[in-house]
Amino acid sequence: MVDSGSIGLHDLSFATTRFVLPHTELARHNGTEIDKYHLGIGQRSMSVPAVDEDIVTMAAAAARPLVARHGTDGLRTLVFATETSIDQAKAAGVYVHSLLGLPSSTRVVELKQACYSATAALQFAVALVHRDPGQRVLVIASDVSKYDLDSPGEATQGAAAVAMLVSADPALLRVEAPSGLFTADVMDFWRPNYRDTALVDGQESISAYLQAVEGAWKDYGEQGGRGLEEFTAICYHQPFTKMAYKAHRHLLHCCGEDTDDALIARVLGRTTAYNSVVGNSYTASVYLGLAALLDTAEDLSGQAVGFLSYGSGSVAEFFAGTVVPGYRAHLRTNTHREAIDAREPIDYAAYRDLRGSRLPADGTEHLLPRQTQGPYRLAGICDHKRLYEPC
Ligand code: HMG
């Protein structure tokens with residue numbers, strides 16, 4: 001058995017969509033003052049999937065570089081976290097397993113609890129590796145966030161996938177054992193099976209998030225967790241980047257600490273670089289925050305990073321990781337920046353066209369035009385079966 005402190009993230013990679021809608025376009029359409037988006041919620045643009053992109057194509061694109069670098073030896077589990085599931089029975093990870101050519105001796109499963117489930121996946125992965133340190137687990141978080149058109153939530157959409165390889169003796173981050181947990185049955189945000197956009201009570205969702213931060217932190221302390229002052233940075237779930245600031249200010253206030261803006265910016269600033277231009281990627285959001293932190297910060301070797309994962313409904317978890325010395329040699333900073341910079345800006349009319357595109361629900365064959373620039377695409381649907389292919 002290895003000590004659980006020497007298990008964690010060995011590699012991390014993300015992928016997003018071909019298109020991006022700048023908030024200036026949305027503001028032009030709905031007459032909102034742009035500062036509300038840029039300053040009020042802290043968002044500048046949001047990723048928008050092409051017609052042949054979805055949670056599977058983004059997930060496979062995010063995981064491909066991990067398999068290319070590390071191979072499949074010891075890889076026996078793939079956990080797919082999402083709240084924008086494409087099937088009520090089949091796990092989206094099975095399509096990814098096939099696209100990546102993973103061994104048949106792999107356990108594949110999908111997990112759901114709004115934006116939180118990637119953290120459950122990560123903790124389950126750590127436990128599996130603890131039982132057998134020779135194994136590695138692929139954790140993928142992939143989501144497309146959609147709210148009703150012309151609703152307040154529309155400005156907080158986005159899409160991305162993060163793939164993480166969990167192993168013993170990790171190269172990036174050791175996950176520490178204490179975890180603070182919190183669950184409360186609230187209807188702040190949900191999506192019944194018959195809807196493809198989420199229902200949300202915006203202000204209630206912010207209060208529920210803050211209540212969950214407080215609860216998870218309290219439990220973290222009771223489990224013997226670190227003090228707040230020990231964290232160089234904290235990656236919060238970021239439905240919009242200003243939410244991380246609200247959450248951290250609330251936490252400092254609850255702990256009776258100084259809520260100085262410059263101090264808060266020092267702890268959070270680096271974690272928001274990708275989320276502010278990708279938008280809400282639900283399950284992937286907190287780990288996109290980690291990617292931004294690792295890609296942009298000065299050397300963090302040996303330093304403690306906190307994670308606050310929140311999923312509406314609601315479940316939250318606070319845990320910590322220690323950055324592994326030498327981690328910078330393993331980052332994918334250039335590829336990450338390219339994924340963001342390569343997106344093609346679209347205008348509001350093009351965004352509405354993409355939002356209007358729907359697969360038939362009656363089993364008829366429907367083939368999709370090639371739009372994605374990614375390595376995999378959804379080619380269409382036939383007999384109710386989704387058809388994926390490499391590009
Ligand atoms: P809204 O009603 O459009 O905006 O909803 P608002 O009026 O609350 O304004 C937002 C901020 O902009 C305010 O700042 C304004 O003062 C400011 P705050 O008071 O909050 O600090 N503002 C301006 N600032 C500068 N210049 C201006 C200006 N005008 C206004 N001219 C809301 C915003 C986020 C509620 C909406 O977009 C929404 O409903 N989003 C979806 C729900 C959401 O993201 N909730 C977050 C917590 S729940 C969560 O994180 C879980 C989730 O990811 C789902 C999951 O778990 O699966 C959503």
Side-chain angles (χ1 to χ4, degrees), residues 23-24 26-27 29-44 46 55 81-85 111-121 141-160 162 182-192 195-216 235-250 253 259 261 264 268 271-272 275-276 278-289 307-317:
H23 276 78
T24 44
L26 185 61
H29 160 75
N30 61 22
T32 297
E33 220 178 288
I34 193 61
D35 279 356
K36 173 171 176 182
Y37 294 152
H38 286 175
L39 305 174
I41 61 169
Q43 291 303 124
R44 303 199 77 83
M46 49 198 181
I55 56 163
T82 188
E83 61 173 293
T84 43
S85 185
L111 290 186
K112 177 181 70 183
Q113 177 18 60
C115 300
Y116 163 72
S117 64
T119 298
S142 184
D143 269 303
V144 176
S145 158
K146 269 196 225 166
Y147 293 92
D148 284 344
L149 294 168
D150 298 318
S151 70
E154 190 178 19
T156 63
Q157 298 175 128
V162 173
F182 179 83
T183 290
D185 183 5
V186 284
M187 294 304 282
D188 59 329
F189 165 108
W190 68 108
R191 185 170 67 82
R195 287 182 62 97
D196 69 4
T197 51
L199 294 162
V200 64
D201 177 338
Q203 295 313 323
E204 165 71 15
S205 74
I206 292 172
S207 314
Y209 184 131
L210 297 180
Q211 191 198 356
V213 168
E214 204 175 322
C235 301
Y236 283 89
H237 167 54
Q238 295 170 32
F240 51 95
T241 62
K242 267 296 153 66
M243 188 66 226
Y245 285 79
K246 282 180 191 293
H248 196 56
R249 193 168 291 113
H250 183 73
H253 180 74
T259 55
D261 281 352
I264 296 176
L268 303 184
T271 72
T272 62
N275 285 284
S276 64
V278 165
N280 193 354
S281 54
Y282 288 162
T283 52
S285 161
V286 66
Y287 300 103
L288 208 60
F307 294 85
L308 187 285
S309 178
Y310 175 74
S312 283
S314 70
V315 177
E317 178 162 348

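Order of appearance sets the numbers: ligands from 1, and atoms from 1 within every ligand. Heavy atoms only: backbone and side chains are in, while hydrogens, waters and symmetry mates are out. Nothing fancy with the numbering, it's 1 onward along the sequence. Since the structure is predicted, the reported quantities are computational estimates derived from the model, not experimental observations.
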Look at atom 4 (O) of ligand 1 and find which of H38, K36, Q157 reaches it with the closest heavy atom. K36
State whether the shortest distance between N or O atoms of N280 and N or O atoms of ligand 1 falls below 3.5 angstrom. yes
Parallel, tilted or perpendicular for H237 and Y209, by the 30°/60° rule? parallel
Using heavy-atom distances only, which candidate in H237, K112, K242 approaches atom 53 (O) of ligand 1 most closely? H237
If you take the nearest heavy atom of each of S205, G202, A198, which one is closest to atom 48 (S) of ligand 1? S205
Test: R191 and D196 ion pair at under 4.0 Å: no
If the cut-off is 4.0 Å to any non-hydrogen atom of E83, which atoms of ligand 1 fall inside it? 55 (C), 57 (O)
Heavy-atom protein neighbour under 4.0 angstrom from atom 38 (C) of ligand 1: yes
Does R249 form a side chain to side chain contact (heavy atoms under 4.5 Å, CB included) with D261? I'd like the steps, not just the answer. CA-CA 9 Å; R249 193 168 291 113; D261 281 352; 3.2 Å; yes
Looking only at protein heavy atoms, which one is nearest to atom 12 (O) of ligand 1, and how far off is it? G40 CA, 3.1 Å
Evaluate side chain to side chain contact (heavy atoms under 4.5 Å, CB included) for H29 paired with L149, printing each intermediate quantity in order. CA-CA 11 Å; H29 160 75; L149 294 168; over 6 Å; no
Are K246 and ligand 1 in contact, using a heavy-atom cut-off of under 4.0 Å? yes
Does the protein put any heavy atom within less than 4.0 Å of atom 16 (O) of ligand 1? no
For G311, the ligand 1 atoms with a heavy-atom partner under 4.0 Å come out as 56 (O)
Against ligand 1, does Y147 come closer than 4.0 Å with any heavy atom? yes
Return yes or no for this condition: an N or O of Y209 is under 3.5 Å from an N or O of ligand 1. no
Compute the ring centroids of F240 and Y245, then answer whether they are less than 6.0 Å apart. no
Is the shortest side-chain heavy-atom distance between M243 and Q238 below 4.5 Å? no
Regarding ligand 1, does Y282 bring an N or O atom to under 3.5 Å of one of the ligand's N or O atoms? no
Are any of the N or O atoms of I41 closer than 3.5 Å to those of ligand 1? no
Hey, which atoms in ligand 1 end up nearer than 4.0 Å to a heavy atom of T156? 37 (O), 40 (N), 41 (C)
Take T156 and N280, measure what side chain to side chain donor-acceptor pair (under 3.5 Å) needs, and give me the verdict at the end. CA-CA 6 Å; T156 63; N280 193 354; 5.6 Å; no
ring-ring contact (aromatic ring centres under 6.0 Å, His included) filter on Y37, not counting sequence neighbours, yields H23
For E33, counting its heavy atoms only, list the atoms of ligand 1 lying under 4.0 Å from any of them. 31 (N)
Under 4.0 Å from a heavy atom of A114: which atoms of ligand 1 are those, numbered in the order shown and with their elements? 55 (C), 56 (O), 57 (O)
protein heavy-atom neighbour closest to atom 5 (O) of ligand 1 works out as P152 CB, 4.0 Å
Which ligand 1 atoms, with their elements, are less than 4.0 angstrom from a heavy-atom of V200? 42 (C)
Which of the ligand 1 atoms, numbered from 1, are nearer than 4.0 Å to a heavy atom of S312: 48 (S), 49 (C), 51 (C), 52 (C), 54 (C), 55 (C), 56 (O)
Quick one, D148 with T197, criterion side chain to side chain donor-acceptor pair (under 3.5 Å). Give me CA distance, side-chain angles, the key distance, then yes/no. CA-CA 6 Å; D148 284 344; T197 51; 2.7 Å; yes
Residues which pass ring-ring contact (aromatic ring centres under 6.0 Å, His included) with Y116, listed by chain and number, not counting sequence neighbours: none
Considering only protein heavy atoms, determine whether one is less than 4.0 Å from atom 33 (C) of ligand 1. no
How far is atom 8 (O) of ligand 1 from its nearest protein heavy atom, and which residue and atom is that? Q203 NE2, 3.2 Å
Is there a side-chain contact between Q43 and H38, using heavy atoms and a 4.5 Å cut-off? no
